[in-house]
Every structure is written in structure tokens, then in C-alpha cells.
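Worksheet: the structure to be examined is printed underneath.
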Amino acid sequence: MNHLKCSVIAVANQKGGVGKTTTAMNLAAAFSVRGLRTLAIDSDPHGNLTQGLGIPVQSLAVSLKDLIMDRAVPTESAAVRTQSGVDLIGSNPLLAQAVRWMISQTNAELRLRQRLVDLRSHYDVIVIDSCPGLGTLLNSTLNAADHVIVPVDTGFYGYMGVSELQNEIEEIRLGTNPSLSILGFVLTMTDRTVITRETWDALVARYGDRVFQTQIRRCVSLRESPALGQTIFSYAPESIGAQDYTCLTAEVLERLGHRAVVREEVAHG
């Protein structure tokens, strides 16, 4: 297939528990299933994306912390192949050291962006799972990204917190990354309740066609699979979670202007 110009997508929302890691992990896996060369980056010291893709955090010889803090570390040495077919630059609690280091360094929030220059030629899509909260790590992720996908859970606080993230994105756009854009908002953990309908209506009323039509429904398998180090496509390929992330991936690629060829074989972990 013809490979694409690499797109770097940050999955971000400063509120925790909205499905950022689940979305980053399964989007990356779905891109890989479609035959795209995919890199996932874990930008959270908790290392949830790393563990969800089946890599023990204590096994990382080179992590995101090393790439940020040490220019001598070869970029390609940090990427490990996971059982889902996605390459991963993982993180562990040592990433917190990089946060403290970046605070005292000039332009340190641009370091990740600089390190991705060499990697863009090797991948079609790079997906970055951001940490919750505003601050140095989120800014580093936003500076490295071309686009942002914002998961919003079905609740008052998840919706209200989006404005703070928008303000942060706008500050980055006005300063160090003018090409950054919000690719879309995706409603997660939906069900047939009134609060889901009200949150959906509020999102659409405010953001219009920037809201993805696909909703990620509540699915037990989506909660179980990361604990086993598997994506939804290897753990429960027939589940509604797999269906929803397949549909979301198609929407994302359409918005990026990509026409990807789906591999005939099914990716098994």
C-alpha cells in the first residue's frame, strides 16, 4: 500500500477517567489492523498505555523519560514492538523526573516534538496518550502533535472541563505550535441514560460537526482488556467496543484525508 504522510495525534483531556488511554490504545491498534505503520507514545508516568499494550513498565530499557532528557539516546532505540503490531515508546514513574527536569530547562517542552522529527518518516500515524491535568507534560504533548482528539465522558464535569483544554490548546497555537488543531470530540462510556443524551446534545450544540458521530458505548471488555495487556481487537474482536473503535478509526482517517487499505488478515495479539 502507499504509505501516508505521518500524522501525530494527541488524545487529551485534562480530566482523568474519560477514556483517554482506552481511546489511544485502541485507535492505535485499529490503525495497525488497517495496515498503517503505527507508533504509540505513553506520556503518562502511570504507564497505563504501556501496560495496556502488554509491556511491563519495569521492563523498559529506554523510556520516554530517556528520550526527553538525553539527546544522546537514539530515538529508534526507544520503540518496542507490541503483540498488537503497534510500536510503543513506553513510560513508567521515572517520567516524573523528566517533568521536574523540564521545569528548569529552556524550551524543554519542545524536546518531544524535536525527537519525533526522525520518527515521522518511519510511521504513518503516531498516537500520543497524554496524562491528566494541565502542565508541562500536556504542553509537551500538544507541542509535538498535529491534531488533538478529545474524549469526553457522559457527565457534567467531563463536558465542563473541555473549555480549559481548549484554552490550553489555543495558547499553544498562538505560541509554539500554530498548526495544532482539534480533530474532534468523541463521547465515551455512553449508555441509554438521560445524562448521555444531554451530554451528546450539549457537545453537538457547542461544537457541531467537530463531534465524531461514533459514540464509544460502555463495554465490559474495554475495561477488562488492558489488565490482560490486550487491545479490544485481540481480546474481544466481536464486542461492541471493537465495533465502536473500528467506526471511530474510519471517521478519524476520513478527517485526516487518508484512504487506507484494510489488511485482509485479522490482527491477533
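Starting from 1, each residue takes its place in the sequence as its number.
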Where [X] and [Y] come nearest, the two heavy atoms and their spacing:
X	Y	answer
G90	L60	C-CD1, 3.6 Å
A78	V62	CB-CG1, 3.7 Å
G19	Y245	O-OH, 4.4 Å
C219	G241	SG-N, 3.7 Å
C6	V125	SG-N, 4.3 Å
S239	A236	OG-O, 2.7 Å

Side-chain donor or acceptor of [X] paired with backbone N/O of [Y] under 3.5 Å:
X	Y	answer
N92	Q58	no
S104	W101	yes
Q83	L53	no
Q51	H46	yes
T141	L137	yes
E109	M102	no
N13	V150	no
R173	L180	yes
R218	M189	yes
S130	V11	yes

Just so I know, are the side chains of [X] and [Y] near enough to count as touching, which here means a heavy-atom distance under 4.5 Å?
X	Y	result
T21	P226	no
I9	V252	yes
I149	F185	no
T38	D124	no
I182	R210	yes
L248	I216	yes
W200	V211	yes
S43	L64	yes

Evaluation steps, side chain to side chain contact (heavy atoms under 4.5 Å, CB included), between T193 and T154:
CA-CA 9 Å; T193 60; T154 53; 5.8 Å; no

Path from [X] to [Y] over hydrophobic side-chain contacts below 4.5 Å:
X	Y	result
I172	L110	no
V80	L36	no
I55	F233	no
L49	L94	no
V127	I232	yes

Nearest-0.5 Å distance, [atom1] of residue [X] to [atom2] of residue [Y]:
X	Y	atom1	atom2	result
E164	I169	CD	CD1	12.0 Å
I68	R115	CD1	CZ	9.5 Å
I89	K65	CD1	NZ	15.0 Å
I128	K20	CD1	NZ	14.0 Å
L253	F31	CG	CZ	5.0 Å
N48	D129	CG	CG	7.5 Å

Inspect the surroundings of CZ in R81 and state if more than 12 heavy atoms from other residues, nucleotides or ligands are less than 6.0 Å away.
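Enclosed.
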
Give a yes or no on this: more than 12 heavy atoms of other residues, nucleotides or ligands lie within 6.0 Å of atom CG of D209.
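Count not over threshold, so no.
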
Please assess R217 against T190 for the test side chain to side chain donor-acceptor pair (under 3.5 Å), listing each intermediate value before the final yes or no.
CA-CA 5 Å; R217 291 168 285 181; T190 67; 5.9 Å; no

How far apart are the C-alpha atoms of S77 and V73, what are their side-chain angles, what is the distance that settles it, and do they pass the side chain to side chain contact (heavy atoms under 4.5 Å, CB included) test?
CA-CA 7 Å; S77 70; V73 174; 3.7 Å; yes

Applying salt bridge (Lys or Arg N to Asp or Glu O under 4.0 Å) between D146 and each of R255, R113, R120, K5, report the one that passes.
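Single pass found, and it is R120.
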
N-O pairing of K15 and D153 below 4.0 Å
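Salt bridge flag = yes for D153 with K15.
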
Between Q114 and R71, does the side chain to side chain contact (heavy atoms under 4.5 Å, CB included) criterion hold? Intermediate values first, please.
CA-CA 10 Å; Q114 294 162 355; R71 291 185 188 275; 3.3 Å; yes

Under the 4.5 Å side-chain heavy-atom rule for ILVMFWY, direct or indirect, which residues accompany I240?
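For I240, no cluster forms, as it stays isolated from other hydrophobic side chains.
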
For residues 175-188, which residue pairs pass the side-chain hydrogen bond (donor to acceptor under 3.5 Å, both in side chains) check, not counting sequence neighbours?
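Sorted result for residues 175-188: N143-T176, H147-S181, N177-S179.
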
Under the criterion side chain to side chain donor-acceptor pair (under 3.5 Å), I'd like the reasoning laid out for E251 against T214: C-alpha separation, chi angles, the key distance, then a yes or no.
CA-CA 8 Å; E251 282 196 77; T214 302; 2.6 Å; yes

